[in-house]
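Here the structure is laid out as structure tokens; the discussion comes afterwards.
Bear in mind the structure is a predicted one, so any value in this text is a computation, not a measurement.
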Amino acid sequence: MQRSENPWEWPEETWRHIVGRARAGRSLAPTHWPNGARCAVALSFDADHDTIPLRDCDESPMRISQGQYGHRQGMPRIRRLLARHGVRASFFYPAVSALLYPDEIRGVADEGHEIGIHSWIHEANTKLPPGVERDLTLRARDTLEKVSGQTPVGIRTASWDFSVDTMDIIREMGLLYDSSLMADDDPYELEVQGQPSGIVELPPEWIRDDAVYFNMLRFAGLRPYTPPSAVEAIFRAEFEGALAEGGLFLLTMHPHHIGHRSRLVLLDRLIADMKATGKCWFATHAEVAAWCRDHAASNPK
């Protein structure tokens, strides 16, 4: 039976099935964080590099060079900053970025950071033909493992574009967590049609993403109107809220955005101030997901 194109004509089972594909289940907010911490801090970097224009079939050397900046300048600065603060983070790589810069991803893994799945070439999952997303995601995982020497246990879909097939692929791969959906501030378990999946969701949010403030597209209306000082204030307010509630502060950044001279200093100050509270547990996404899975206040007795 063909489904009506008018949502107001859908029977109840239709819209219930749609919202049930990957829905927020029980909270995985833990009873406590390690070492008496009040807040978990999970820093992440999506190492898109050249893949954004490549995804768009854009062969412009200028736009490709903007992504290359993330490798040449952004990543070295970020890695030095994290090393100086003694903080480990999660780096989500499109497979093509890993193939373009194998020494970089190996170095990141060797420094103790986490490598996560982030598509093949930053493709939009919801625009792919049937079956293609699965093939690309499995290939991406295998490529990251081969190049970095680290087996990914988590995924962040490119542009957080989570398709109707993504959940099945994540479950098939046996991943620990996803970080693409936004139903909460703190970790939760994903449900599929009302049934627990065992997959931990570490929710990101656009307001905790540097790209929405710093993106620039020359021939469109996309401009970095927000100054770094305002972005720092937003990130800081989000952290202070997480600290007050004893929750998770998850930040998503991109080397070709946050890695510029005028911007990385805001992250430097923010990390220093978070450390100065003496109440933060800095951890990779995988560590946070495993801790919440094992120490959730809502764990069955």
**Asked** Mind checking whether Y188 and I155 sit in one hydrophobic cluster, side chains of I, L, V, M, F, W, Y counted as touching below 4.5 Å?
**Response**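 Yes, it is one cluster - the side chains of Y188 and I155 are joined through contacts under 4.5 Å.
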Modelled atom types, side-chain donor and acceptor of [X] and [Y], under 3.5 Å:
X	Y	value
H118	D48	yes
H49	E104	yes
D161	T126	yes

Going through the checks in order, is the side chain to side chain donor-acceptor pair (under 3.5 Å) test met by R106 and S148? CA-CA 5 Å; R106 281 194 290 267; S148 74; over 6 Å; no
Could you tell me whether the side chain of [Y] reaches within less than 4.5 Å of the side chain of [X], counting heavy atoms only?
X	Y	result
E123	N125	yes
Y177	E201	no
R171	S197	yes

**Q.** Contacts of type side-chain hydrogen bond (donor to acceptor under 3.5 Å, both in side chains), residue R141, not counting sequence neighbours
**A.**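 side-chain hydrogen bond (donor to acceptor under 3.5 Å, both in side chains) check on R141 returns nothing, list empty.
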*Return the set of residues passing side-chain hydrogen bond (donor to acceptor under 3.5 Å, both in side chains) with H254 (not counting sequence neighbours), or none when no residue passes.*
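With sequence neighbours excluded, H254 shows a side-chain hydrogen bond (donor to acceptor under 3.5 Å, both in side chains) to D210, given in chain and number order.
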query: Residues in ring-ring contact (aromatic ring centres under 6.0 Å, His included) with Y69, at least two apart?
result: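 Y69 satisfies ring-ring contact (aromatic ring centres under 6.0 Å, His included) with H260 once adjacent residues are dropped.
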### Query
Does CZ belonging to R23 count more than 12 external heavy atoms closer than 6.0 Å?
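Result for CZ/R23: open.
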query: Around R72, counting heavy atoms of other residues, nucleotides and ligands shown, do more than 12 lie under 6.0 Å from its CZ?
result: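 Check fails, neighbour count at 12 or below.
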Salt bridge or not between E189 and R26? Use side-chain N to carboxylate O under 4.0 Å. yes
Note to self: Under a 3.5 Å distance rule, please check whether S90 uses its side chain to pair with a backbone N or O of E114 as donor and acceptor.
What the structure shows: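 Checking the backbone N and O of E114 against the side chain of S90, no donor-acceptor pair under 3.5 Å is found.
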Salt bridge (charged side-chain N to carboxylate O under 4.0 Å, His left out) filter on E191, not counting sequence neighbours, yields none
What pairs of donor and acceptor atoms, side-chain ones from residues 264-271 against any protein atom, are under 3.5 angstrom apart with sequence neighbours left out?
| unit_1 | atom_1 | unit_2 | atom_2 | d |
| --- | --- | --- | --- | --- |
| D268 | OD1 | H85 | NE2 | 2.7 |
| D268 | OD2 | R84 | NH2 | 3.2 |
| R269 | NE | E232 | OE1 | 3.2 |
| R269 | NE | E232 | OE2 | 3.1 |
| R269 | NH2 | E232 | OE1 | 2.6 |

Mind listing the side-chain donor-acceptor pairs of residues 237-253 below 3.5 Å, one per line with the distance, residues two or more places apart or on another chain?
| unit_1 | atom_1 | unit_2 | atom_2 | d |
| --- | --- | --- | --- | --- |
| E238 | OE1 | R208 | NE | 3.2 |

- Centres of the H17 and W10 rings: under 6.0 Å? no
